[in-house]
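Residues: numbered from 1 along the sequence shown.
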Amino acid sequence: FSPPPPDLDGPVHRSPRFPYFPQFWWRHWLWFHIPADGDWQPPFACDVDRLHFTPRIQRLNELEAQTRVKLNFLDQIAKFWELQGCTLKIPHVERKILDLYQLNRVSDSEGGFDLVCRERRWTKIAMTMGFAPGKAVGSHLRAHYERVLYPYHLFHSGTNLPALDLAAKLTSFGAPPGLEEVRFYFPHYLIWTGCGIIMGCVRSEGGEGCENRPNLRRRMGSFVAKPEPEREVPIQVKQEPVEIKEINSEPEKSKFRFKKNIPPPPVSMVDLYVCLMCGTGNDEDRLLLCDGCDDSYHTFCLIPPLSDVPKGDWRCPKCLAQECSKPQEAFGFEQACRDYSLKSFGEMADSFKSDYFNMPVHMVPTELVEKEFWRLVGTIEEDVTVEYGADIASKEFGSGFPIKGGKFKVAPHDEKYLQCGWNLNNMAMMTPSVLTHVTADICGMTLPWLYVGMCFSSFCWHIEDHWSYSINYLHWGEPKTWYGAPGFAAEQLEAVMKKLAPELFESQPDLLHQLVTIMNPNTLMAHGVPIYRTNQCAGEFIITFPRAYHSGFNQGFNFAEAVNFCTVDWMPLGRQCVEHYRLLNRYCVFSHDEMVCNMAMKADRLDVVLASAVQKDMRLMIKEERELRDKVRKMGVVQCELFKYDLLADDERQCVKCRTTCYLSALTCPCRPGVQVCLHHGHDLCSCPVSNYTLNYRFTLDDLYPMMNAVRQRAESYDEWAARVTEVLEAKLNKKRNVTVFRALLEESNEKSFPENDLLRQLRLVTQDAEKCSSVAQQLLKGKRQTRYRTGGGNSPNQLTVEEMRSFVRQLYNLPCSLTQAPLLKELLNSIEDFQQHSEKLLSDEVSADSVSEIESLLEEGSQFDVFLPELPLLRERLEQTRWLAGVQQAEDPVSNPCGLSLDCMRRLIDRGVGLTPHPSTERTMARLQELLTISEEMEEKAQALLKARPPESLEKLSSMLTQVDGVPAYLPNCLLLQDTVNRAKDWLQEAEDLQAGGQTPVLRSLSDMVLRAHAIPVRLEPLDQLEVLVSEVQAWKESAAKTFLIKNSPFTLLEVLCPRWEVGSSLKKKMRKVKGEGVSSGKKKLVKLDSMSDVERALSDSKDSASAMFTLAEVRLKEQESLCSLRAANESKLLPTADCAALKVCVCQKPPMGAMLQCELCRDAFHSVCVRGPSDPLDPEAWLCPLCLRSTKPSLAKIQTLLSSLQRIRVRLPVGDALRYMIERTGSWQRRARGVIDSYDHSLTSQDCRGQLCGSPSQCQDWGVSGQEQSVFYTEQRCIPLQGLSLELEELMVEGLLLQVSVPETQQLYRHLLSGPPTTNTSHTEHAPYLTPEHSSPQREVRKAITSAEKKAKRRMNREETEIRDRGIKPKSKKQRMGTEKRRERKEASVSASDVSQSEDSEEDMTQCPAEKCLQPEGEEVYWVQCDCCNRWFHMICVGVSAELAAEEDYMCVTCSTTNAGRRK
C-alpha cells in the first residue's frame, strides 16, 4: 500500500510548521509514505567518531512466531531425550525432514496416539501433512511417533510416574546426593549431521560436580554407595500436581512409627535400591539408577519400557517432571559481545551481504532480499544470525538532524533545517503536538532514537507507545521494507497471532509489546488481516498512524532516525491505550491524566480545537475519577491526603498491581511505605484493614470542575460547530444531508475563524469530494447532449468504464452527504446495463440487413452515454456489415434501382466490404459481386473500344455487341452509351432519309444541327459527307454576302444589316414599357415576341416556308417604321428653339450642341462635325447619314440579285437569305412608289433654277434659335430636307429609301427633289394636294400636334390608373399624384426639359425634376405633385403654391404656359 504523494501545499508538507493529519486517517491508514524531495536535503549532523554502540543479536528463525513455536517444541523433545540419556535424531520421510511439531498437532487433533491407532487414521494424517497417498507413509509416521513422541506424550500425561504411596515410602530411606544441583538450559542450537538434526544440551557450569558424581547407570552389584544424610525433596509432577504438605506428611508419619515401634533391622545399601515402580529389587542387572536422584527403576517397569541401558546420563520420571516443569525464560534479544563504530558496523554489514548473495551490495535486487528474508525466517533447517543497532539514544551521540546549539556547525544555507518542523528533534515538541505538555524528556518518544541496520536485521510487529504517531526518516543507506496493518485491524492482527501461536502468548501475554516476534504477512492476509507494504528509500519519511501495527527489515546497511508525536485527534486514543495497558499490567511511558491537567491549567492559551479535545477528555476523566472515589469511600477508606504526584518520578508512583502511573489519586498503607495502588485495584494493596488505607489525591473534584469549565468556555463555540459537523459526517442512509449543508458549515468556520484542524479539513475534503463527484456526475448526465454531436467514434481517455461508473455510483452513495445526481446516475447506470444486455443479444444473432435500424438506435442510445462501452465498437462493426448488406440489396433491387448495379457502385461495395470484419454472409456476397464486376468490366472495355474506334465502326458491328450485354444484370455506362449511340445513329439516318425524300427546302440551322449531331455520333454514317458539302457551300455564300454588304470593321452582323432596323429607339421603348408596366397591369399577350435580333433570327429559322419568313420580316418593318418615327420626332424636338442647349445631349459623345453641327437625314439627330465624318462634298446634294444609320456599303441591286440567284441554286433556306429576298422585294416596291413621286415633282417644278437655290447659303428653313440664328450656339454645315410642310407620306417614303441597304438611283433623285422643298399648292397637278395641308404650314402647329397627341395619351393613361385605383377602393385625385422619395429621385436623375414631352409616349413618367424656377426640393415619405394641363410638366404643389383642394377642383397651367398663351392671344 503506497498512498498518493502528498500535496506539498496541503497539510502534509516539508515546511517549518507541524504536519497535520485528518482525524479519520488513523482508522483506515497505517502509514503515510512521503517520497524524497530534491529541494529538502538536510545535512547529516551525527558525530560519526563518537557514535559507538552494541547491537542486538537476531537469529532470524527465532523471530517468526510459528517457527519459534516449532523450535520450542523441538527444544523440549530434545531436552526430554537428553535427560533420558539419548540423542534426538529427527527422521526423514520421503526425503524430507519430518516436522515433528506438525505430526504432534495433527495426531492430537485426531484424538491422540491410541485412538489414531485403533481407528487406523495414520494415512489420513499423512495426507493432512502433505504426503502423497499410497506409499505406506502412514505406517512410517506411526513408527516415528511411537519411537520419538509417544514417550514424551506419556511423560506429559504422568503415566510414567511411580505410585505416590510407593514413592513416598521408598524416598523415606534417603535420597541420592546432588539432587539440589541447578542445571541451566538455554534455547536451542542445532548441530547438523548427515542423518538428521541432533538436538544438544547446554552443560552446567559446575563441571566438577559431574565428574565427582558416581556413574549410576551401571549394575547394582558392582557399586557401593556412600551414605548420605536423609533429605526431603518436593517433586512437582506436570498435570498432576502434589502439594508439598502431603508429600512431607508421609515421612513424618514414618518417623513417628519408627520411634514408637521396634527399630527396624539394619539394611544394606544394596537392599535400598529397589524399583519404585514395582517395589522389588529383583533383576538387579535390569535396575537403573537415576543420575539426578539415585532412584532405581527396572528397565521393563518404565513406561514405555527400555530395551537397553542408556549410554549417557539418565533421569527418572520424577527428575524429568522436576526439570521440565521449570518456567521457560522470556524470549528476548541478546546483546552482542562487540562494540561497533558506524564505520566498522558498515564494513561488517556490507561484507555479510556481498558474501551471502555473492554479488556487490548495490546489485542485489530488493525483491531477492525480501524473498530470502522470509525464507530464512520460516525455516528451522538454517540458522542465520544478524545484528541490529536499534534504540540508540540521540541525546548521547547526537541526532542525524542539525540541532540548534549542537556541536555540528551548520552552513548558512542549511540553517533553515534547524527550526524546520520536519526536523525530528523539533517535531515531537512543537506547539501543535500534545506531547509538549509532557514535562519529562522521554527517550525514543520525545527524543529521537537512532537505528543502524544491516541486511536482514528487522523490527518486529509492534505498535507505538501510547498508540501515538511515529515518524521515521532514512538518512542514507539501503532501503527499509515496511509491512503494516491499519489501525482498525489491530485487534484482528492480535487475535490471529494468538490463534496461530498460543504457546507464546501463554508465557508472555504482552508479547507484541516486546518487539521480538514477527509473522509472515502472507499468513496474516490468509486469515483476513489487511497487510500492505512499501519500500522506504534514503531521504524519505514513513509516518505510522495510531495503533497501526508495523514491522519490516533492512535491505542493507543504512542509518535511520525515528521519534513519536501526538496530534489532537490522538487524545481519545491515548486514554483508550491507558485502559488497555492496565489490562495487560503494562507500565505507561507518561501519565495521560497529568498531561490533560497540565493542558487544562493553560486553558486560556489553548487552541480551540485542542481545548475541545481536552474538554471531552476531562469530562471522561472526571466522571471516572468521581466513580472511583465513590467506590473507595464505600470500601471504607476515610483518610485523605493531598499529595503532589507530579513531584515523583514515574517509576516511584506506579500501581503495584497494573503498573499504571498514578497522578490524580492512589491508595497507600503504612505497612508498605512507598507502595501504592490505583483506585481500580484497591483490594490488591495489602491485607490490612481498609480503614488503614489513605487516599492520596492531587486535586479535589471541586478543583477539577473549574479547570474543565475554563476549557469548555474556550471550546464551546467550536464544540457546537464540531458536533454538527460530526453529525453530518456520520449520518447514515436517508439521514444524510445535502452538500449545501456542508458548504454552510465551511462558511461558518470561515466566519468564526476556526483554526485549521482535522475536522475542518475532513469537512473541506468531504465537501470537495462531493463537489467533484457532483461535477463528474453532472458531466455524465449531460453526456447525452455532448456525445450527440461527436464525430469521432473512439473513446476519450477520460471516459469511465461501466465498472468504474458502478464504483462511482457506489462512491456517491457512500459519501457522507447526499447528491441529487446520485439517483439520476443510478438510473443512467441501469439504462447502460440494459443497453449492454440488448447489445449482447443482438450481437449473438445472425447478421441481417433488416437490423440496420435496430443497430442504429442502439448506437444512438449508446453514444448518449459518456461512458466507455466495449459493445459500441462491436455494434459499429455489425452496423457496417448490415449496412453493407442492405446497400447490396438496395443496389440489386429492381424497384429502387431499375438500371441495376453500376461499376462504381460495385467497386464501392467491394471496397467497403474489404474493410469489414469477416463474416460468412458478407464473404458470400463479396464473391458474387467480384464475379459480376469482372464480367461487367470486360463488357465495358469492349464497348469503350467500339466507341473510340477510329475510323468509327459500322452500325451493324455495334448492334451485335449490344446483344451480348443483354444478359448482364448491371448498369454499364459504356454499353448504355453504345445503345444510345446506335439509337441516335438510326434516328439520324432516318432524319437524313426524310430530308432527302421531302419536298421542302431545308433550313441551314437544321442542316448544321444534323452535321453537328452526326459528328457527335461515333458511327460511320454515309449521308454525312453530302450534308457537309452542302453546309460548306452555304457558308461560302454567307461569306460572299458579308463581303458585299458589310463595311470594314462594322459592328453589325449580316443579318442585322439585311433585316429592318428593329432596334431603333429600343432603349427608349424599353423604358416606356417599364413605365407603362408600373401603372397598367399586363393583361394582353403578344403573339410574336421580337425584342432582339436573336428573336428575329429564331423566328426566321423556325418559319416553315418563305411566306412565313416574309410575314415575320414585315412585322419587323412595321416596328422599324414606328420606332424610327418616334426617334425622329424626339430628336427634332430636342433641337427646337425653345430648348435649353446646355441640357441637351447629342452626338456620339452625348454632349450639348456647339458650333458646326451635322444632322442625320434618317434619325434627325445632330452630331458635332469634329466627332463624325462629314459629307465628302458639301455642295453635292447627297443625303448624309450618321455612323449609326449608315450600316452597309449599299451595293447595287443587280449585285444583290446575283447573290440571291446563287442561294436559290444551293436550295437551302437561311435567315440571311430570307432577309435578302425581303429586301429585294421591298426595294422593288419602294422604287415604284418613288418613281411616282419623282414624276410628280418633274411636272410641278417651275422654270426657276433649282440648282441655283440649292447652292445658296446654309439652310435657313429650320430656325433652331428662339429669336434668330444669332442667338443660337450651333448651326448645321449641310442642308437637310425641310420637314415643315412636308407630308407624312413623303417623309416616310424618303425615310424608307434611306433605310434600304441597296443603291438605287431613285433614292438620290427623291432626296434632291425633297431638299428643294415640297411641291407648291398652285401647281396644276392637284392630284398631289394631300401632301400639303394647312397643318403643315407652321412649325408651331407641328409641335402643338405632337404635344396634343402626347397629352391625349397621357390623359388616357391617367384614366386607366384612376380606374385601377377606383377598383382597389382608393379615392382618385384629379391632376394630383403622390410620389415617394424614390420616385422623386428617379425624376431628378431623368432631368429632361419641358419641351421634351413629345419625345415618346408616356415620357412624363421620366420627368422627376420640378421645373419651377425656385424649387424648394421638399423631402418626406409622400410629396404631392400637380401637372400642367398645357405642357404636361409636373410641379411640386408647395413650389407653385397650389393646394390639394385647388388642384382637385380646377385646371392648372404653369407660369410659362400662361405667359405663352397670353402672348399668342395678343
Side-chain angles (χ1 to χ4, degrees), residues 3-22 31-51 342 392-438 441-452 468-477 479-480 536-544 558-568 607 610 755-758 761:
D7 182 7
L8 295 183
D9 296 328
V12 181
H13 61 93
R14 292 173 185 174
S15 65
R17 69 183 189 214
F18 186 74
Y20 186 81
F21 306 97
W31 57 52
F32 197 86
H33 187 175
I34 304 177
D37 188 356
D39 297 334
W40 201 86
Q41 295 180 350
F44 185 66
C46 184
D47 190 353
V48 179
D49 298 331
R50 290 184 58 240
L51 180 58
L342 197 59
I392 303 173
S394 63
K395 188 175 183 180
E396 181 178 356
F397 300 104
S399 170
F401 291 97
I403 304 174
K404 189 174 183 180
K407 297 181 180 180
F408 180 79
K409 294 182 179 180
V410 182
H413 62 276
D414 291 333
E415 291 181 355
K416 59 182 180 180
Y417 298 109
L418 294 174
Q419 301 296 332
C420 181
W422 291 94
N423 187 329
L424 300 191
N425 297 282
N426 303 329
M427 178 170 288
M429 301 306 293
M430 291 186 70
T431 302
S433 177
V434 177
L435 296 182
T436 56
H437 302 278
V438 178
D441 291 337
I442 306 172
C443 189
M445 192 161 189
T446 60
L447 295 178
W449 263 345
L450 308 179
Y451 298 87
V452 183
S468 61
Y469 289 91
S470 74
I471 181 169
N472 185 293
Y473 179 73
L474 187 62
H475 285 278
W476 46 260
K480 282 179 181 284
Q536 179 191 14
C537 299
E540 295 182 348
F541 286 96
I542 291 290
I543 299 175
T544 64
N558 56 26
F559 188 95
E561 189 170 353
V563 76
N564 295 101
F565 63 91
C566 298
T567 57
V568 177
D607 182 80
L610 182 58
E756 283 294 320
N757 56 76
D758 59 340
R761 284 191 175 88

**Study point:** side chain to side chain contact (heavy atoms under 4.5 Å, CB included) evaluation trace for F559 with L450
**Key:** CA-CA 7 Å; F559 188 95; L450 308 179; 3.9 Å; yes

Review point. Passes side chain to side chain contact (heavy atoms under 4.5 Å, CB included), L610 versus V434? Steps please.
Key: CA-CA 9 Å; L610 182 58; V434 177; 4.3 Å; yes

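- What you find for A393 and W449 is that their closest heavy atoms are CA-CD1, 3.7 Å.
- Counting only distance, with no hydrogens or angles, the side chain of N426 and the backbone of L418 share a donor-acceptor pair below 3.5 Å.
- When the options F401, W40, F541 are evaluated for a ring-ring contact (aromatic ring centres under 6.0 Å, His included) with W422, the one that passes is F541.
- With N564 contributing its side chain and Y469 its backbone, the two residues share a donor-acceptor pair below 3.5 Å.
- Distance alone, capped at 3.5 Å, places no donor-acceptor pair between the S433 side chain and the F565 backbone.
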Point to revise | Step-by-step side chain to side chain contact (heavy atoms under 4.5 Å, CB included) determination, I392 to L51 | key: CA-CA 9 Å; I392 303 173; L51 180 58; 4.0 Å; yes

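- Among all heavy-atom pairs drawn from M427 and G421, the shortest one is CE-O, 3.3 Å.
- What you find for C46 and G398 is that their closest heavy atoms are SG-O, 3.6 Å.
- Atoms NE2 and CG, from H475 and N558 in turn, are 11.0 Å apart once rounded to the nearest 0.5 Å.
- Atoms CD1 and OG1, on I471 and T544 in that order, are 9.5 Å from each other to the nearest 0.5 Å.
- Between the side chain of E561 and the backbone N or O of S394, no donor-acceptor pair lies under 3.5 Å.
- In this structure, N472 contributes its side chain and I542 its backbone to no donor-acceptor pair below 3.5 Å.
- Between P479 and L474, the shortest heavy-atom distance links the atoms CA-CD2, 4.1 Å.
- The line from CZ of F408 to OG of S399 is 11.0 Å long, rounded to the nearest 0.5 Å.
- Although no hydrogens or angles enter the test, the distance criterion places a donor-acceptor pair under 3.5 Å between the side chain of N423 and the main chain of P402.
- The line from CG of L424 to OG of S470 is 10.5 Å long, rounded to the nearest 0.5 Å.
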